[in-house]
Amino acid sequence: MSGGGSGGPSGVMRTRREKLEALRARGVEPFAYSCEVTARAAPSVAMFEEAEAAGSLVEGRGSAEHWAGRLVAFRSHGRSAFADLEDHTGRVQIYFKRNVVGDEAFGLLDLLDRGDWIGVEGRLFRTRAGQVTVRADSFRLLAKSLRPLPLGKVEIDAGTGKARTYSGFADREGRYRQRYADLAVNSGVREVFRLRARVVSAARRFLDDLGFLEVETPVLQPQYGGASARPFVTHHNALDRQLYLRIADELYLKRLIVGGMDRVYEVSKDFRNEGIDRFHNPEFTMLEFYQAFADYEDMMELVEQLFVTLAEAANGAPGCDYQGTRIDFARPFARLRFVDALGEALGADPLALPVDELRERARALGADDLEGAGRGKLLDKLFGELVQPDLVQPTFVLDHPRELSPLAKARRSAPELAERFELFVAGQEMANAFSELNDPIAQRARLEDQAELRAAGDEEAQVVDEDYIRALEYGLPPTGGVGVGIDRVVMVLADQASIRDVILFPTLREA
RNA sequence: GAGCCGGUAGCUCAGCUGGUAGAGCAACGGACUUUUAAUCCGUAGGUCCUGGGUUCGAGCCCCAGCCGGCUCACCA
């Protein structure tokens with residue numbers, strides 16, 4: 001890749017610098033300070049067509065409008081020229097006619113390039129070829145583009161209305177490293193992130209409307225916890241102490257419930273020092289919410305409503321197509337007990353099987369790295385292999401073995417289980433929730449069990465957080481809590497196969 | 001971490017059994033006052049990822065490395 005320098009192997013960048021100087025020589029400032037905008041590409045065309053259909057259109061009348069956007073295509077015809085201008089709503093064609101804009105301005109068109117930002121003043125009309133177009137009265141350069149964007153050519157198939165892109169910017173690495181160029185050139189990528197924003201804001205609205213308070217808890221923590229994962233470790237110079245980047249919000253949010261904030265939520269970046277693949281990015285977005293006086297049954301209700309709301313916010317209807325499969329977010333979602341589902345797959349009661357046999361079964365499925373794994377981890381692994389991939393439609397899996405869930409209350413009728421559920425969609429975990437363990441003595445015992453697993457070699461096992469135990473000792477009311485992996489949800493709702501396609505700047509290796 | 005595939009012009013890619021590097025689009029010059037992948041004529045553009053090696057000769061073969069994609073393993 002050529003990259004730097006004022007030249008560029010093909011001289012494209014040098015040519016653009018020369019044009020920049022030529023513009024300045026003609027008294028044109030190539031980097032404007034502001035510009036009037038009164039119209040957007042797609043809505044203005046739609047309004048024009050409506051007026052036309054209603055017969056209320058008098059061509060050439062009405063006041064001129066101002067559009068602003070990026071020049072994405074240019075077709076010169078001697079004394080006239082056509083350009084495509086793209087703004088955040090879409091594209092509109094611009095028609096420049098020499099004897100309308102004037103000789104001097106028309107000559108400036110030679111100094112424009114694809115990728116330049118321009119402002120155009122004019123009126124809409126319909127061309128002989130039938131396209132609604134802005135007839136430019138005047139135009140202004142807003143910002144010169146000195147580096148060529150990898151703009152492909154786009155043809156809209158007249159029959160199907162589907163866009164075909166020629167050439168274009170397809171290289172995944174380049175797209176992730178230079179997301180600005182990816183966004184500039186691939187409008188579908190912008191749409192994915194608009195959808196993501198709708199999903200996140202719908203989640204906030206949903207919780208706000210139920211009286212949840214949005215809060216912010218520390219990213220830099222003296223003691224990480226709330227999930228099973230390895231942390232990032234960092235150091236604060238002035239305090240000369242080690243700090244961890246949070247792996248979950250859970251323990252802090254429950255401290256707030258102790259403090260009497262009885263419905264809280266947080267949308268946060270969490271950090272886990274684990275591998276990277278199409279389902280995992282080291283920093284990812286988590287939504288967690290906690291409600292006092294509720295148990296996991298109540299939270300299941302809430303999660304069901306939440307996911308219907310999110311699907312509607314994303315796609316206008318409670319469903320989506322994920323990688324060719326129709327997903328239907330119709331309530332009620334299916335419910336499966338963890339032990340029943342795994343028991344059926346194993347042909348035996350998972351709670352009755354000895355640890356050695358569980359390990360053998362897991363090994364037979366091709367899992368390795370099982371040495372430090374206790375019962376819980378083995379059951380989890382077996383479930384992940386045997387049951388999870390089949391959970392395509394929204395499905396709650398509930399009542400996990402207790403050793404899998406050190407922060408959850410024991411199932412009231414079956415103490416070997418936990419009051420916990422996970423929501424699976426498209427074979428992926430979307431949410432995880434429990435009736436929160438609020439007995440400080442039991443909680444200490446459970447965390448100490450984890451510490452033992454840790455000592456036995458499980459690096460992801462949790463650690464005892466004394467301050468959290470102290471908070472519980474003051475009294476945590478019965479509480480239901482939920483964590484939602486926002487990136488995963490967006491992947492499903494936006495039909496994206498890789499988490500990197502729903503994160504604007506995914507973590508990459510050193511360039 | 002392992003396996004497979006890949007890195008050639010600004011972009012998308014071709015390049016045979018080893019013989020001095022190609023196309024389309026983009027760019028540049030010219031013609032064209034309703035085009036739309038505009039068209040037509042012409043021009044320029046390359047550390048073939050990096051470093052070694054084999055060879056008279058390497059984009060191509062060998063070795064090492066870097067980067068990426070996919071799959072698997074761990075994790076959400």
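Lettering of chains follows the sequences in order, A, B, ..., and the numbering in each one begins at 1.
B:G57 makes up no base pair with any nucleotide shown, lacking Watson-Crick or G-U wobble contacts both under 3.5 Å. In this entry B:A23 has B:U12 as its Watson-Crick or G-U wobble partner, both defining distances falling under 3.5 Å. Pair assignment for B:C72 gives B:G1, based on Watson-Crick or G-U wobble hydrogen-bonding distances that are each under 3.5 Å. Across all strands shown, B:U36 forms no Watson-Crick or G-U wobble pair with both distances under 3.5 Å. Under the Watson-Crick and G-U wobble criteria, each requiring two contacts below 3.5 Å, nucleotide B:G6 is paired to B:C67.
Put simply, the side chain of A:Asp277 and the base of B:C74 share a donor and an acceptor less than 3.5 Å apart. Remark: the A:Gln93 side chain and the B:U35 base include a donor-acceptor N/O pair separated by less than 3.5 Å. One can find a donor-acceptor pair under 3.5 Å joining the base of B:U33 and the side-chain atoms of A:Asn99. The base of B:U34 is not paired with the side chain of A:Ser80 by any donor and acceptor separated by under 3.5 Å.
Here the side chain of A:Val12 is nearest to one of B:A27, B:U36, B:U12, namely B:A27. Of the candidate nucleotides B:C70, B:U35, B:A27, B:C70 has the atom lying nearest to any side-chain atom of A:Arg172. When distances are taken from the side chain of A:Arg75 to each of B:U35, B:U12, B:C28, the shortest belongs to B:U35. Relative to the side chain of A:Glu173, the nucleotides B:U35, B:C67, B:C28 differ in distance, and B:C67 lies closest. Of the candidate nucleotides B:A27, B:U36, B:U12, B:U36 has the atom lying nearest to any side-chain atom of A:Ala129. For A:His77, counting side-chain heavy atoms from C-beta on, the closest listed nucleotide (B:U35, B:A27, B:U34) is B:U35. Among the nucleotides B:C70, B:U12, B:U35, the one closest to any side-chain atom of A:Ala170 is B:U12.
Taking atom C1' in both B:G46 and B:A73, the straight-line distance is 41 Å, to the nearest Å. Spacing of P atoms, B:C5 relative to B:G22, comes out at 29 Å, to the nearest Å. The gap from the C1' atom of B:A21 to that of B:U8 amounts to 9 Å, rounded to the nearest Å. Atom P of B:A9 sits at a distance of 8 Å from the matching atom of B:U47, rounded to the whole Å. With both ends at atom P, the span from B:C49 to B:G6 equals 13 Å, rounded to whole Å. Taking the C1' atoms as reference points, B:U39 lies 15 Å from B:U34, given to the whole Å. For B:C66 and B:G24, the C1' atoms lie 31 Å apart once the distance is rounded to whole Å. Taking atom P on both B:G7 and B:A44, the two are 28 Å apart, rounded to the nearest angstrom.
Ionic pairing of A:Asp84 and A:Arg75 is present here: one or more N-O contacts between side-chain nitrogen and carboxylate oxygen are shorter than 4.0 angstrom.
Within the 4.0 angstrom heavy-atom criterion, no nucleotide atom of any strand lies near A:Arg16. Residue contacts shown for A:Gly485 are absent, as no nucleic acid heavy atom lies under 4.0 Å away. When heavy atoms are screened at a 4.0 angstrom cut-off, A:Asn281 is found touching base atoms of the nucleic acid. Backbone-only contact: A:Glu429 has heavy atoms under 4.0 Å from sugar-phosphate atoms and none from a base.
Going from atom CZ of A:Arg177 over to atom P of B:C66 covers 14 Å, rounded to whole Å. When rounded to the nearest whole Å, the span between CZ of A:Phe125 and P of B:U33 equals 15 Å. The separation between A:Lys381 atom NZ and B:C72 atom C1' is 12 Å, rounded to whole Å. Rounded to an integer number of Å, the gap from A:Leu109 CG to B:C32 C1' is 15 Å. Atom CZ of A:Arg114 is separated from atom C1' of B:A37 by 10 Å (rounded to the nearest Å). At whole-Å resolution of the value, CG in A:Leu85 and P in B:U36 are 20 Å apart. A:Leu151 has its CG atom 11 Å from the C1' atom of B:G10, to the nearest Å. Between the CG atom of A:Asp84 and the C1' atom of B:A37 there is a distance of 11 Å, rounded to whole Å.
Taken from CZ in A:Arg361 to CG in A:Leu379, the straight-line distance is 11.5 Å, to the nearest 0.5 Å.
Side-chain N/O atoms of A:Arg278 include one lying less than 4.0 angstrom from OP1 or OP2 on B:U71. Close to B:U33, at under 4.0 Å from its OP1 or OP2, lies a side-chain N or O of A:Arg79.
In this structure a side-chain-to-backbone donor-acceptor pair under 3.5 Å is missing from A:Ser268 to A:Glu266.
A:Ser145 and A:Arg16 share a side-chain donor-acceptor pair at under 3.5 Å. When only modelled atom types and interatomic distance are considered, A:Glu436 and A:Thr479 share no side-chain donor-acceptor pair under 3.5 Å.
For A:Phe333, the ring-ring contact (aromatic ring centres under 6.0 Å, His included) partners two or more places apart in sequence, or in a different chain, are A:Phe396. Listed by chain and number, the residues in a ring-ring contact (aromatic ring centres under 6.0 Å, His included) with A:Phe434 amount to none (sequence neighbours excluded). In this structure, the side chain to side chain contact (heavy atoms under 4.5 Å, CB included) partners of A:Arg40, at least two apart in sequence or on a different chain, are A:Val37, A:Pro43, A:Asp87, A:His88, A:Thr89. With sequence neighbours left out, A:Val192 forms a side chain to side chain contact (heavy atoms under 4.5 Å, CB included) with A:Ala494, A:Gln496, A:Val502.
In terms of position on RNA chain B, the residue among A:Ser498 and A:Gln388 whose nearest nucleotide sits closer to the 5' end is A:Ser498.
Partner of A:Arg420 under the side-chain contact (heavy atoms from CB on, under 4.5 Å) criterion, chosen from A:Asn432, A:Leu398, A:Val397, A:Leu407: A:Asn432.
Annotation: salt bridge (charged side-chain N to carboxylate O under 4.0 Å, His left out) contacts involving residues 100-109 of chain A, sequence neighbours excluded, comprise A:Arg98-A:Asp103.
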Find every protein N or O atom lying less than 3.5 Å from an N or O atom of nucleotides 39-41 of chain B, and list the pairs.
none

